[in-house]
Structure formats: C-alpha cells, structure tokens
Amino acid sequence: MIGAGIVNLMSAYFLSKQGHQITIIDKAKNPFVAKRWHQQGATFGGENARMFSITEADNYNEKKSAIYKDMAHLFETNAQNDGWSVLSNPTAAEMEWIQQFKSVDAADAYRFADEIYNFTIQSGVLWDDLIQKEPCLFENTHIKHDIIRLYREVSDFQAAQRLHKRLGSFIEVLSTNQLEHFYPEGNQIAVQKSLGGVMKVKGFTLQIHDFCQNLITYLEKKGVLFHWEQAFSGIEKNQKGEVVGIKVENQVLISDYNVLSMGAYKGNLLHNTLSHNKIHGVLGIWLTLPNVYGLKHSFKIHKNGHVGEDSNVTVVEENGKQNLIFGAGYGYVGNVTQNTVDLKELKPIYDSMWQTAKTYFPAAYQQGVADGLLAQPQKYCTRPFTTTGLGILERIPNENGGATFITGGHNTGGFTQAPIVAKSLLKIIDGKNALMKNSYHPMKGWTEQNMATI
C-alpha cells in the first residue's frame, strides 16, 4: 500500500481483518517522530481535526445547487477576486483539468452529487459500527456527536435544510433560545445579524492525528509493516498493460495486490493509468483559537463568497487545553508533486477565515489575538480534488493474477468516505460487485474520452 493517509490506513484495517499481509509505504517521515507538517499530506499536514457529515464530501460542481452558486470559474480566478486559484502560470495539464471542471454537464453533476451522498451514508453506517466495536481506536480522540450548522443567508439555510432532510441527516432547527444552550455567543446582537438560520445535523468530529496514531498502533500489533521515507516512483507494466510491479526507491516491488492512495501530490507518477491528471491539489487552511466558552459541539459555518465559504470549527482538547480548530479555504495548487505554495497568495483566504472567527466567535478571536495566535505561521494542507466531485477507484490487472488499485479524490471527504472505500476494495478483491468501481471510475464524467471501459 502506497500512502499512509486516512484512506489507506482504514483500508489496511479492513484488509488486515481478512488476514491479508500488508506493508504500508510513505514518502514522508513518521508523523509521530518528526512533526514536520509541511512535508506531510492532508491527513497529517493539517491540524488535529476532522468532521464527518453526510455532505462533507461535497460536489462543488453541482451546477443547479442552491447552496454553491456560480462555481464554474473557481479554478481560473485568483483568491483576490473570490476564486480559488493560487497558481500564477497553469500548465497544459492544469488547464485541461480546469476546462474539464467547467464542462461537466448540469444533469451529470446533480447525479454525481447523489452518488457521493449515497456512499457517504453507507460510510456513516460503517463509522457508527466501528465506534461501537473498536473503542480502542477512539481513545483520547475527544469525539463529539452531532454538528451545529450556522448559515449567514436565509436562502442558503433553507436550501441546506431541505437537503439534509432529504438525506436523513437533519435533526432540528435551533431557535435563538435553543441556540444559547449550544452556543453562548449566539445571543449577541452582532452575531445574530450574521445568522440566517441554525440547525443541528447528524455527524461527529474527532482528533484525526490521535485517531490515526491509535489505528497505526492497532495495525502494527496485527503485523502490518510501515516503511517511512520511501518514495513511490511509478507503475511498471508489461506489453499487455498488466502491472508487473510498483517502483519504490529504484526497486520494483511485486505483490498480489497494490493499493495506491497518495493524496494530492501525484504529478505525473500515474502517467500510464486512467487516473493520470484526474486528481489535483486544493489546499485548506487552519486556525486554532482557545475554547473560551467550553463548547461541547463542533460547528460548520456557511457564508456567501467563495473564499472561505465553508468553515469547520472542531472542539478539541490537546495537552490539557480546550481549543477550537477552524478549517477553511480553498486554494487550487494544481498538478503538483510537492509542497510549493507561495504564502503571499494565501492572504485573502486567511483574511476570510479570520473574519469568520471574529464574526461568530468574537471572544475566542479576541483571546487568540491577545495570545498572539494570529501572528504565528498558520498551517495549511493540500487535499485531493477531482473535477466531478466523484472519488477515484481504478483497478488495473496484475501480471501475476492480482490487481493494482488507485483510490483518492473525494473533494475534502477522504476521512468521511474512508470506510466505504475500504469495504469496496474488499468486495472487488473477493470477486464481488462493488458499486464504487463504476461510480468512481476515473473516466466517469470526462468529455472526449472513451467511456466504453466503464
């Protein structure tokens, strides 16, 4: 398995339960030995927070969406002009990807969104089962159930309410009096002026680094081997297009099965696969403020404007301190192989997130300013993104009769969909049908391509 992010770690968990012997290889240093976030992928490169909700793996390309409007030009417009691009000179591959994002048909985009939601619903059942059956994995992760969602615009709130009711994740609308129980700042007049509606939905948040540390410890006890600081350099095929082996540190490794889940930093490493140029990088930014309110629920905030449009606010407890971790963004970094972000390009995104914090959590923001937290260098991580919103699941036959799989994408929902990706891999390896194999086929939704292989 190439890549030690959450999707491969969760896949390793389910595969090990079936008795498979597994080796996981990652090009970064062990994240629990050398804490160098800028050398890590999305799982360990960002802050210690993740959210599961049914709409977390969003299709931002849904042309008829009542919540995400006018998204077509996101990737060719810079952050200063309310776009997502932090690229100065896009390559031909990046221009192709951007044009593909714009060309997805509206009917297809709507259908893709429903497919994504359906997989996330299935993933939620698996997460619930895991929480019940493997409590050791969730120790010290400070898991928080149910999400409070705040909306600036009434129209966005009404559209989101309809969506969550349709998906079965809606719990209740919160009145001002009810909101005060969850969110003391909600009774302030300044905050109320920026609230178009509030509701509680199903979901949970946890501390992803602590969860992964528990999971890695669990896997090691099951005999899973981890090799850090070893770089994948490509797939070697024979003349029939079958995989002979995967190349790591100038060696060709031969296994019954290979699973490649490498996050956003792929570049041209998958040049001889259908997944080539399908997954690009979109970064997200982070801010940690003190939880001066003693909040018990995590939040999601939606406001108008594409820069910092959505912010997750996760309640965490680290080193004896209660904090609120804000995750927001987005910045399109394209078809990259390493972290090469120009920090100056991120200022509008950080400004938007800081404004969100100042508006909705003013006491925490003021304390953060007093503590010098906003003056410190802020973290960001790069997430794998696709033009369709759909994830990627590609199967390539191996010369020895096994198979090589490529997984990824999920447009900010890798954590959310990790269990259902793992279960789909198991089904395919066991010779059973998995809906994800067709729904997340890498050619799906791409124009001017031969779709007969689906």
Side-chain angles (χ1 to χ4, degrees), residues 1-5 7-27 219 222-227 230-263 265-279 337 384 386 390-410 414 418 420-444 446 449-454:
M1 305 187 79
I2 302 296
V7 176
N8 251 5
L9 290 177
M10 188 59 67
S11 297
Y13 167 83
F14 284 103
L15 288 166
S16 68
K17 300 282 276 188
Q18 295 293 318
H20 291 277
Q21 294 178 307
I22 299 169
T23 299
I24 298 179
I25 297 168
D26 196 282
K27 68 178 181 180
L219 292 172
K222 292 287 186 181
V224 176
L225 301 177
F226 284 81
H227 295 300
Q230 293 193 11
F232 165 82
S233 58
I235 298 173
E236 186 163 302
K237 292 184 174 182
N238 61 21
Q239 292 184 337
K240 296 179 181 178
E242 300 167 328
V243 174
V244 175
I246 55 173
K247 292 181 280 188
V248 176
E249 297 292 324
N250 298 317
Q251 290 186 322
V252 177
L253 306 182
I254 300 173
S255 304
D256 294 328
Y257 297 96
N258 307 302
V259 182
L260 282 58
S261 185
M262 302 183 295
Y265 296 118
K266 289 177 173 58
N268 295 319
L269 292 174
L270 302 177
H271 67 93
N272 55 352
T273 73
L274 296 177
S275 297
H276 171 62
N277 204 41
K278 301 297 188 296
I279 300 175
T337 57
T386 64
L390 300 165
I392 295 290
L393 177 54
E394 179 176 357
R395 180 190 181 277
I396 309 168
N398 282 1
E399 185 180 57
N400 62 8
T404 292
F405 298 93
I406 301 170
T407 67
H410 309 112
I420 192 61
V421 172
K423 278 290 192 179
S424 298
L425 285 173
L426 269 179
K427 281 187 176 181
I428 299 170
I429 289 173
D430 290 342
K432 300 175 184 177
N433 181 47
L435 293 176
M436 187 175 281
K437 183 184 175 190
N438 289 337
S439 291
Y440 284 5
H441 191 284
M443 303 305 292
K444 188 169 179 179
W446 273 67
Q449 299 285 355
N450 179 12
M451 300 294 292
T453 54
I454 296 181

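Reckoned from all heavy atoms, side chains included, excluding hydrogens, waters and symmetry mates.
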A side-chain contact here means heavy atoms from C-beta on lying under 4.5 Å apart; do [X] and [Y] qualify?
X	Y	answer
Leu393	Ser424	yes
Phe226	Leu219	yes
Ile246	Phe232	yes
Lys278	Met443	yes
Leu269	Leu260	no
Val244	Glu399	yes
Val259	Ile22	no
Thr273	Thr404	no

If you count the non-hydrogen atoms of other residues, nucleotides and ligands that lie under 6.0 Å from [atom1] in [X], is the total more than 12?
X	atom1	answer
Lys423	NZ	no
Lys237	NZ	yes
Gln21	CD	no
Glu249	CD	yes

How many angstroms lie between atom [atom1] of [X] and atom [atom2] of [Y], to the nearest 0.5 angstrom?
X	Y	atom1	atom2	value
Ile429	Arg395	CD1	CZ	9.5 Å
Leu435	Lys427	CG	NZ	6.5 Å
Trp446	Thr386	CH2	OG1	9.5 Å
Ile2	Lys247	CD1	NZ	12.5 Å
Ile235	Leu270	CD1	CG	5.5 Å
Met1	Thr407	CE	OG1	7.5 Å

- Item | Lys17: salt bridge (charged side-chain N to carboxylate O under 4.0 Å, His left out) partners, not counting sequence neighbours | Glu134

Check whether [X] reaches the backbone of [Y] with its side chain - one donor and one acceptor, N or O, closer than 3.5 Å.
X	Y	answer
Asn238	Lys240	yes
Lys437	Asn433	no
Asn258	Gly245	no
Asn400	Ser255	yes
Glu394	Ser275	yes

- Before giving the answer on side-chain contact (heavy atoms from CB on, under 4.5 Å), spell out for Ile428 and Met436 the whole-Å C-alpha distance, their side-chain angles and the decisive distance to 0.1 Å. CA-CA 10 Å; Ile428 299 170; Met436 187 175 281; over 6 Å; no

- side-chain contact (heavy atoms from CB on, under 4.5 Å) between Val421 and Met10, worked out: CA-CA 9 Å; Val421 172; Met10 188 59 67; over 6 Å; no

- Parallel under 30°, tilted from 30 to 60°, perpendicular over 60°: which one fits the rings of Tyr257 and His20? perpendicular

What are the two closest non-hydrogen atoms of [X] and [Y], and how far apart are they?
X	Y	value
Asp26	Ala4	OD2-N, 2.7 Å
Gly267	Thr337	CA-CG2, 3.4 Å
Ser439	Leu390	O-CD1, 3.5 Å
Val7	Gly414	CG2-O, 3.6 Å
Phe14	Ala422	CD1-CB, 3.4 Å
Asn8	Gly3	ND2-O, 2.9 Å

- Message: Assess the residue pair Leu9 and Ile24 against the criterion (side-chain contact (heavy atoms from CB on, under 4.5 Å)); give the C-alpha distance rounded to whole Å, side-chain angles, the decisive distance to 0.1 Å, and a yes or no.
- Response: CA-CA 8 Å; Leu9 290 177; Ile24 298 179; 4.1 Å; yes

